[in-house]
Amino acid sequence: MEINWTEIENKWRSKWIENKDFEANPNEKPKKFITVAYPYPNSPQHIGHGRTYTLADVHARFYRMQGYNVLFPMAFHYTGTPILGMAKRVEANDKELIDNLKNLYGVPEESIKEFVEPIKIADYFHEEIKTGMIEMGYSIDWRREFTTIDPVYSKFIEWQINTLREKNLIIQGSHPVGWCPKDQNPVSQHDTLGDVEPDFTEYVIIKFKFEDYIIPTATLRPETVFGVVNLWVNPEIIYKKITVDDEKWIVSLECAYKLEFLDKKITYDGEIKGSELIGKSVTVPHREESIIMLPANFVESGTGTGVVMSVPAHAPFDYQALEDIKKTHLEPELFTKINQIVPISIIETEGYGENPAKEAVKKFGVVDQNDPKLEEATKEVYGKEFYGGKLKSNTEKFSGIKVAYAKDTIKDWLIENKHADILLELTNTPVKCRCGAECVVKVLNNQWFLNYGDKDWKKLATKCFDKMNILPQEIKSEFNYVIGWLRERACARQHGLGTKLPWDKDWIVESLSDSVIYMAYYTISKFVNDKTITAKNLSKEFFDYVFLDKGNVKKISEITKISEDTINEIKKEFQYFYPVDSRHSGRDLVPNHLTFFVLNHVAIFPESNWPKEIVVNGSVLMNGSKMSKSMGNIIPLRKAIQDYGADPIRLAIIISAELLQDADFNMESVSGIQNKIESLYQECSRLKEDKIENLEAEDRWILSKTQNMILQVTTAIEKMRLREALHDILFAFESDLNWYMKRTKAKNRENISGILHQINSMRVAMLSPFAPHIAEEMWEKLGHSGFASRSRWPEFSQEDIDAAAIQSEELLKSTIDDVSNILKVTKITPQKITIYTADSFKSKIYHSILEKVMVGQTNMGSVMKELIANPDTSDVKRIPDFVQKTIKDILSEPTEIRQKKLESKEFDEKSFLVDELTELGEKDFGVDIQIFSESDSNLYDPKGKARHARPFKPAILIE
RNA sequence: GCGGGAGUCGCCCAGCCUGGUCAAAGGCGUAGGGCUUAGGACCCUAUAUCUCAGGAUUUCGUGGGUUCAAAUCCCACCUCCCGCACCA
């Protein structure tokens, strides 16, 4: 019987909707508030997104069945810049993008035409994603849906950002960004050709005096200013004489252009050829020493200032250039000067002598200054010196400091003394804007920052993290680390969709900053959607009252024109559902969103409303590799639902990996799961409710095992180990069930359908959070009324566990295993099988050995001594190897089973095996089975095997 | 460099926190058998090595250590992956 997934899924989805099953309102029940990071609708969701939502949905459904009033809402994050870039590209008729939209995303042509408007893009994918979520069966309360550009949401963000500012957590400063000079706009990855992220570094410009001018050199290693012995100038370059603020500089044209964007006033005064500078002297700042300018062709006009300082003791390039120049034909005067240059060694590093640069050049076998091996040599010296080096005494007050620390200290000191400046430069040039212009680095002034570097703020956040349940545990240290290094973060941008800064309308609240406490907004969005509240008249006082319980309701009612009762009802809604009980997200959001989420909550809300739990999941791979547009292996979720059905996708995603691992989605796992579900479905269609009476040994056993499974599944889900839980329900339990079927078949029992019905009802109930649609169908087939998703989560009961039944069943299994094992090894065809159980004397000794082992006594000699000392067991000396083997038996069992054996009384192995093994064994092996106790008087024991019998390990004779 | 994670029996992957049920689950693959007109699906058996009595041996990145007992705990090392920002 093949399952028509679409039909079944549609059927149950509409029933749930009819019943308003997922709409949660405050009531007398305990609540759980589960949230997931809302999507940014710039593309359809794929299976990777589906994972996070599915995990959260399972969580929500689980809590619902456990009797909680669960709120699981969803919204859409319109704020941000990517869709702006997309709209621009559509307008420019960008073929690559349009092809992707058409073929990869399946967007109809008429919709693409509208995509020149950013909001249309968001609206389109919003609907697309939402439909997918509904099709996946997510138990979302859609009455609370919103987008982040709704007017009331903007009011909410204004309140949030004002509140933070009042607490002095927002500060102003300057900030560098990638910048398109043509568009006059910041650029990010989405705005560039080829989607490259503009990446920049900070150079320190060191100012050398040359007559009336300053010749600046750019360096990444300001500490080496103490080791400069000459400058390198490219004789081919025509340098510009410029005025920078009130100083006169000589730099390359490219450098002058870059400086224009770095908040400096530039005027162009004239030019000078590089060759004209050769041989002339400049003064080293602070040291006031005169050094010479020399030619070098590795100096590029586009990098830094076009002039480089030379530190031949520590920079392989400089060392090599100096060696090269000695071999060229120069004026004798200059030649003498060059020969007088002695490298100054300023850093002491283990493994290096006086001149690390020279050593590295030798080691790598560098030929001349154009040798690419110089890059490697440089990398090695820089790396070793930076992390392992210390400054020598010729660096004055910095002597003895580690290079890693000295770098910043010396930079600050140089800048303070006006010996240096900062130059920011793109490292991955050229970065081209989508408009075609080449990007630069620009310093934006008056940028607004959230001061995440604030110590008190960090302390509060750490406190919250410490109290929080973070799943999986391993990720917690990552959060602590992030909190540690976090500094100011820009919280406003100049373009993109979003809410304007209330006090500075040139800026828009940046999208990671307007999505940190929005979970609170879900409690009021319901009232926005039913028009109880509108943006008009919404004031700070209103939000203060609802979210912080501050202020006077009467006054607020006057301001907002909303009735006091309504305001109080809204407040009650918030107070009921808050705090967030569980926040689900992908692990890529750990160092940003999730951390900000906590930081902003602790800043704004009182401790009682701090979030309680964070659940982080890994990503989804497609057949073992990452999903990417270029690979073309992105499967849109809705396409996958059409192809495989929602439930198989949910199950495949969950079963393929535990939380933090990357889940590999592939066809095999989907069809494997489909088959499994189909057979369970058939099973459910057959079973009818029946009475359960006269429990036999195997009944008590399977019921005990069922209880075990319930316990395992429940605790696994509580820890969000969903893979384990699902595995226990679907697969692990199957082998127990198979054994049970085998047992009952051997006994020709007819009266087991009641038990199977009961067991499978519990399985289906537990399956319901994972595969909600098919579980409902199975539930119906089993003859239950109502929804499986509304049924009570099976409860573990210790009383239903029959330790004796488990033990005896294990004995039966291991005896059969042993027989098969012997048959396999000996390859004989059995004529007759005889089993001998141990006599009661051995059981007695077994128990006393067990007691001793349980208290840690495992030494054969001392156990033996004690046994002999006791008159009850002194006969043991006749069978010394029995003691040895028994200790081994016991040690090879887990502690809990030992404990159970210790607690339970001895049981009559012989009569149990006579009852249960005879028929089963005859079926399995096709011969008669006789069972004796080794102490029986009518013992049949031609080979003397009986004496080898041990408790739980009967002796066997096969003829 | 800093921070995090991983290395398991042909492949994917569980087990490690809490040592003993571990020659190590599950899936895939492979081989044989059943069912079927055929294919698929399904079911059974086997799948480190040796072994004609239920056993033995060598295995969980490498090398040490702790323990009666180590895939699991401790130490060192090797290799691989991810993050290091103002971008969702």
Side-chain angles (χ1 to χ4, degrees), chain A residues 2 37 39-40 42 77 79-83 175-178 186 188-190 197-198 383 386-388 404 447 449-450 452 472-482 484-493 496 510-513 515 587-593 595-596 618-619 623-624 655-658 660-662 664 666 668-669 671-676 678-679 682 723-724 727 730-732 734-735 738 810 814-815 817-828 853 856-860 887-888 890-898 943 945 948 953-958:
Chain A
E2 270 216 8
Y40 183 75
N42 68 336
H77 197 197
T79 325
T81 52
I83 49 170
H175 177 65
V177 292
S188 61
Q189 194 176 346
H190 315 276
E197 177 75 36
F386 182 76
Y387 294 110
Q447 169 68 282
F449 294 92
L450 275 161
Y452 288 141
Q473 266 287 321
E474 300 97 280
I475 207 87
K476 185 164 181 173
S477 50
E478 223 163 297
F479 279 113
N480 286 330
Y481 180 70
V482 174
W485 63 250
L486 214 56
R487 299 195 303 270
E488 308 77 40
R489 184 192 166 89
C491 64
R493 298 194 58 138
E510 180 269 334
S511 52
L512 277 181
S513 306
S515 57
R587 75 171 306 174
D588 50 331
L589 298 186
V590 168
N592 42 68
H593 165 77
T595 307
F596 304 156
S619 59
N623 291 313
I655 202 79
S656 60
E658 213 56 88
L660 212 52
Q661 251 70 52
D662 288 343
D664 190 10
N666 53 52
E668 290 92 65
S669 56
S671 65
I673 212 86
Q674 278 177 331
N675 295 334
K676 188 84 228 167
E678 265 166 38
S679 62
Q682 284 169 27
R723 176 202 156 105
E724 187 183 317
H727 188 265
L730 287 181
F731 296 101
E734 201 81 335
S735 61
N738 282 342
E810 290 309 319
S814 68
T815 307
D817 281 351
D818 281 349
V819 172
S820 332
N821 216 344
I822 296 169
L823 289 175
K824 188 184 135 198
V825 173
T826 59
K827 302 191 183 84
I828 55 178
V853 172
Q857 201 176 343
T858 52
N859 182 285
M860 162 73 184
I887 292 177
K888 229 179 139 189
I890 294 171
L891 280 177
S892 73
E893 281 172 339
T895 326
E896 28 181 314
I897 290 192
R898 292 182 210 165
K943 294 253 173 94
K945 291 275 181 196
H948 295 299
K953 190 86 181 164
I956 297 163
L957 171 68
I958 301 177

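Numbered from 1 within each chain, the chains take letters A, B, ... in sequence-line order.
With the nearest nucleotide of RNA chain B identified for both Leu660(A) and Ser511(A), Leu660(A) has the one nearer the 5' end. Toward the 5' end of RNA chain B, the nearer of the two residues Ser656(A) and Arg587(A), judged by each one's closest nucleotide, is Arg587(A).
Taking the side chain to side chain contact (heavy atoms under 4.5 Å, CB included) definition, one finds that Lys476(A) meets it with Asp466(A), Ile470(A), Asn480(A), sequence neighbours left out.
The residue Tyr481(A) sits close to a base: some heavy atom pair falls under 4.0 Å. Counting non-hydrogen atoms under 4.0 angstrom, Ile655(A) reaches nothing in the nucleic acid. Nucleic acid contact for Gln661(A): sugar-phosphate only, since backbone atoms but no base atoms lie under 4.0 Å from a heavy atom of the residue.
If you measure from atom CD1 of Ile475(A) to atom C1' of G83(B), you get 10 Å, rounded to the nearest angstrom. In this entry the distance linking CZ of Arg487(A) with P of C84(B) reads 14 Å, nearest Å. As rounded to whole Å, 6 Å separates atom P of A88(B) from atom CG of Leu512(A). Rounded to an integer number of Å, the gap from Asn592(A) CG to G83(B) P is 12 Å. What separates CD of Glu658(A) from P of A14(B) is a distance of 8 Å, to the nearest Å. Remark: C1' of C87(B) and CG of Asn42(A) are 12 Å apart, rounded to the nearest angstrom. Distance Gln473(A) CD to G4(B) P: 14 Å, rounded to the nearest Å. Rounded to whole Å, atom P of C2(B) lies 18 Å from atom CG of Asn480(A).
Base pairing of C2(B) is made with G83(B), judged by Watson-Crick or G-U wobble geometry with both donor-acceptor distances under 3.5 Å. The partner of C9(B) cannot be assigned: no Watson-Crick or G-U wobble pair with both contacts below 3.5 Å exists in any strand. With both pairing distances under 3.5 Å, A31(B) is matched to U45(B) as a Watson-Crick or G-U wobble pair. For A53(B), there is no paired nucleotide, since no Watson-Crick or G-U wobble pair has both relevant distances below 3.5 Å. Partner assigned to C16(B) is none, using Watson-Crick or G-U wobble distances below 3.5 angstrom.
Classification of the Tyr40(A)-His77(A) ring pair by plane angle, with boundaries at 30° and 60°, yields perpendicular.
Side-chain N/O atoms of Arg493(A) include one lying less than 4.0 angstrom from OP1 or OP2 on C87(B). At C87(B), none of the side-chain N or O atoms of Thr81(A) fall inside 4.0 Å of OP1 or OP2 (strictly under the cut-off). Regarding contacts with the backbone of C42(B), a side-chain N or O of Asn675(A) is found under 4.0 angstrom from either OP1 or OP2.
Of the candidate nucleotides A85(B), A88(B), G83(B), A85(B) has the atom lying nearest to any side-chain atom of Trp485(A). Side-chain proximity of Arg489(A) to G5(B), A88(B), C86(B): nearest is C86(B). Relative to the side chain of Pro591(A), the nucleotides C86(B), G26(B), G83(B) differ in distance, and G83(B) lies closest. Each of A85(B), A88(B), A14(B) was ranked by its minimum atom distance to the side chain of Leu486(A); first place goes to A85(B).
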### Query
Can Arg587(A) and Glu478(A) be said to form a side chain to side chain contact (heavy atoms under 4.5 Å, CB included), step by step?
CA-CA 10 Å; Arg587(A) 75 171 306 174; Glu478(A) 223 163 297; 3.3 Å; yes
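Taking the P atom of each, U57(B) and A23(B) are spaced 11 Å apart, rounded to whole Å. One C1' atom belongs to C12(B), the other to G29(B), and the distance between them is 11 Å to the nearest Å. Spacing of P atoms, C35(B) relative to G61(B), comes out at 44 Å, to the nearest Å. Taking atom C1' on both C80(B) and U8(B), the two are 16 Å apart, rounded to the nearest angstrom. Taking atom C1' on both U59(B) and C22(B), the two are 11 Å apart, rounded to the nearest angstrom. Taking atom P in both G26(B) and A14(B), one finds a spacing of 15 Å when rounded to whole Å. Look at the P atom in both C28(B) and C43(B): the space between them is 9 Å, to the nearest Å. Look at the P atom in both U21(B) and U72(B): the space between them is 14 Å, to the nearest Å.
The closest donor-acceptor contact from the side chain of Glu510(A) to the backbone of Arg493(A) lies at 3.5 Å or more, if one exists at all.
Smallest separation of non-hydrogen atoms from Pro82(A) and Asn42(A): CB-ND2, 4.1 Å. Ile956(A) approaches Lys945(A) most closely through the heavy-atom pair O-CD, 3.8 Å. The two residues Ser511(A) and Thr79(A) make their nearest non-hydrogen contact at CB-O, 3.5 Å. A pairwise comparison of heavy atoms in Phe596(A) and Leu486(A) identifies CE2-CD2, 3.9 Å as the closest pair. Scanning all heavy atoms of the two residues, the minimum distance from Thr81(A) to Gly496(A) falls at CG2-CA, 4.0 Å.
Looking at heavy atoms from C-beta onward, Leu450(A) lies in side-chain contact with Ser513(A) at the 4.5 angstrom threshold. Looking only at side-chain heavy atoms (C-beta outward), Thr595(A) and Tyr452(A) stay at 4.5 Å or farther from each other. The closest side-chain heavy-atom distance from Lys676(A) to Phe731(A) is below 4.5 Å.
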Output one line per pair: protein atom, nucleotide atom from nucleotides 16-22 of chain B, and distance, for all N/O pairs under 3.5 Å.
| residue | atom | partner | partner atom | Å |
| --- | --- | --- | --- | --- |
| G20(B) | O2' | Leu891(A) | O | 2.9 |
| G20(B) | O2' | Ser892(A) | O | 3.3 |
| G20(B) | O2' | Glu893(A) | N | 3.4 |
| G20(B) | O2' | Glu893(A) | O | 3.1 |
| G20(B) | N7 | Arg898(A) | NH2 | 3.3 |
| G20(B) | N3 | Leu891(A) | O | 3.4 |

## Note on the structure
Once base and sugar-phosphate atoms are separated, protein heavy atoms under 4.0 Å mark nucleotides 47-55 of chain B, 5' to 3', with B, S and - as -----SBBS
